[in-house]
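Bear in mind that the values here come from a model prediction, so they are computed numbers and not experimental data. Counting starts at 1 for both ligands and their atoms, in listed order. We count residues from 1, following the sequence as given.
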Amino acid sequence: MLALKNKIKVEGKVLSDTVLKVDSFLNHQIDPQLMKEIGQEFAKLFHEAGITKIVTIESSGIAPATMAGLIMDIPVVFARKRKSLTLSKNLYTASVYSFTKKETSEISVSGDFIQPNDVVLIIDDFLANGQAVLGLIDIIEQAGARLSGVGIVIEKGFQSGGELLRKQGIRVESLAIVSSLENGKVVFAEEEQA
Ligand code: 5GP
């Protein structure tokens, strides 16, 4: 997606060879116009998949997931990272190791919001080693729902998550695939360059 890649080129900050900071439009401040275009792109990619629900993880997956949900006219559920007193019964939970925080956390979704007849699209901001997506897949399986595919805003193609998921036959659509962050420079995967 050209507009996204241009935004990353102009505003993305390379923190290390493995971490990209996009605080100015996705992870802290949000660019609603770009989020709308991202939502439209996901809606276009998955419009024939019969999706009934989008599942994401708080907090940075919520903006792109909500825009996709608005355009696809389906509800969006975000997995919570902290246990809430109001979220105590009928919970599906999974453990997720965070690449950026270097810690394991428990994520949970209420059984009220994923049903066995749901066809689910997972959306997240970044794909690195795939742990967040695997945690969400675990929850979808516990609910007996069906996974249709995974929509990622920025995939870091040099990390293992994309291959791990695609090797399992999971459809993964990434709007920008970064092939390297070496020497402080963002390089996109060749096939993504238009
Ligand atoms: P994974 O679970 O695939 O290893 O990592 C994905 C999660 O870690 C995403 O939900 C995202 O929040 C965070 N993450 C991974 N890599 C990056 C990165 O380079 N930049 C930012 N901002 N977040 C990242």
Side-chain angles (χ1 to χ4, degrees), residues 1 4-31 34-35 38-39 42 54-69 76-82 92-109 120-141 147 149-189 192:
M1 189 184 154
L4 172 64
K5 284 191 275 187
N6 286 339
K7 192 81 166 175
I8 294 169
K9 280 272 184 211
V10 174
E11 296 186 17
K13 294 194 171 62
V14 178
L15 292 193
S16 70
D17 282 358
T18 55
V19 179
L20 175 66
K21 186 170 170 174
V22 288
D23 272 19
S24 69
F25 62 93
L26 179 59
N27 290 146
H28 193 3
Q29 174 171 261
I30 289 169
D31 179 336
L34 182 65
M35 288 307 123
I38 284 170
F42 284 135
I54 292 174
V55 173
T56 187
I57 186 163
E58 68 175 353
S59 53
S60 295
I62 295 175
T66 303
M67 286 301 184
V76 177
V77 179
F78 61 94
R80 316 257 316 229
K81 284 181 180 159
R82 282 162 295 276
Y92 300 119
T93 62
S95 290
V96 171
Y97 178 77
S98 163
F99 171 76
T100 43
K101 295 192 184 117
K102 308 273 180 250
E103 62 184 31
T104 300
S105 64
E106 193 94 322
I107 60 166
S108 40
V109 173
V120 177
L121 169 63
I122 290 176
I123 287 184
D124 204 7
D125 60 339
F126 272 89
L127 179 62
N129 294 315
Q131 297 307 298
V133 170
L134 288 176
L136 292 174
I137 292 174
D138 186 352
I139 283 175
I140 291 160
E141 283 172 353
L147 176 70
V150 178
I152 297 291
V153 181
I154 304 170
E155 173 177 345
K156 290 181 292 175
F158 54 88
Q159 290 179 296
S160 59
E163 196 189 345
L164 185 80
L165 298 170
R166 291 184 182 102
K167 257 200 333 222
Q168 294 180 39
I170 296 167
R171 179 179 176 198
V172 181
E173 301 281 359
S174 300
L175 304 188
I177 301 181
V178 173
S179 59
S180 164
L181 292 172
E182 281 169 23
N183 306 316
K185 195 168 165 271
V186 180
V187 177
F188 293 106
E192 284 295 293

Trainee: Just to verify, what does Glu173 make a side-chain hydrogen bond (donor to acceptor under 3.5 Å, both in side chains) with, not counting sequence neighbours?
Mentor: Arg171
Trainee: Of all heavy-atom pairs between Asn183 and Asp17, which one has the smallest distance, and what is that distance?
Mentor: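 Taking every non-hydrogen atom into account, N-OD1, 3.9 Å.
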Trainee: Give the residues near ligand 1 by chain and number, with the criterion being a heavy-atom distance under 4.0 Å.
Mentor: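 For ligand 1, the residues that come within the 4.0 Å heavy-atom cutoff are Thr18, Val19, Leu20, Asn27, Phe99, Thr100, Asp124, Asp125, Phe126, Leu127, Ala128, Asn129, Gly130, Gln131, Ala132, Lys156.
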Trainee: Which residues pass the side chain to side chain contact (heavy atoms under 4.5 Å, CB included) test with Thr104, sequence neighbours left out?
Mentor: Ser95, Tyr97
Trainee: Under the side-chain hydrogen bond (donor to acceptor under 3.5 Å, both in side chains) test, which residues partner Asp23, sequence neighbours left out?
Mentor: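 With neighbours one apart ignored, the set is empty.
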Trainee: Decide if atom NZ of Lys9 counts as having more than 12 heavy atoms of other residues, nucleotides or ligands within a radius under 6.0 Å.
Mentor: yes
Trainee: Compute both the distance and the angle, then confirm whether Lys101 meets the cation-pi test with Phe99: under 6.0 Å from the six-membered ring centre, within 45 degrees of the axis.
Mentor: no
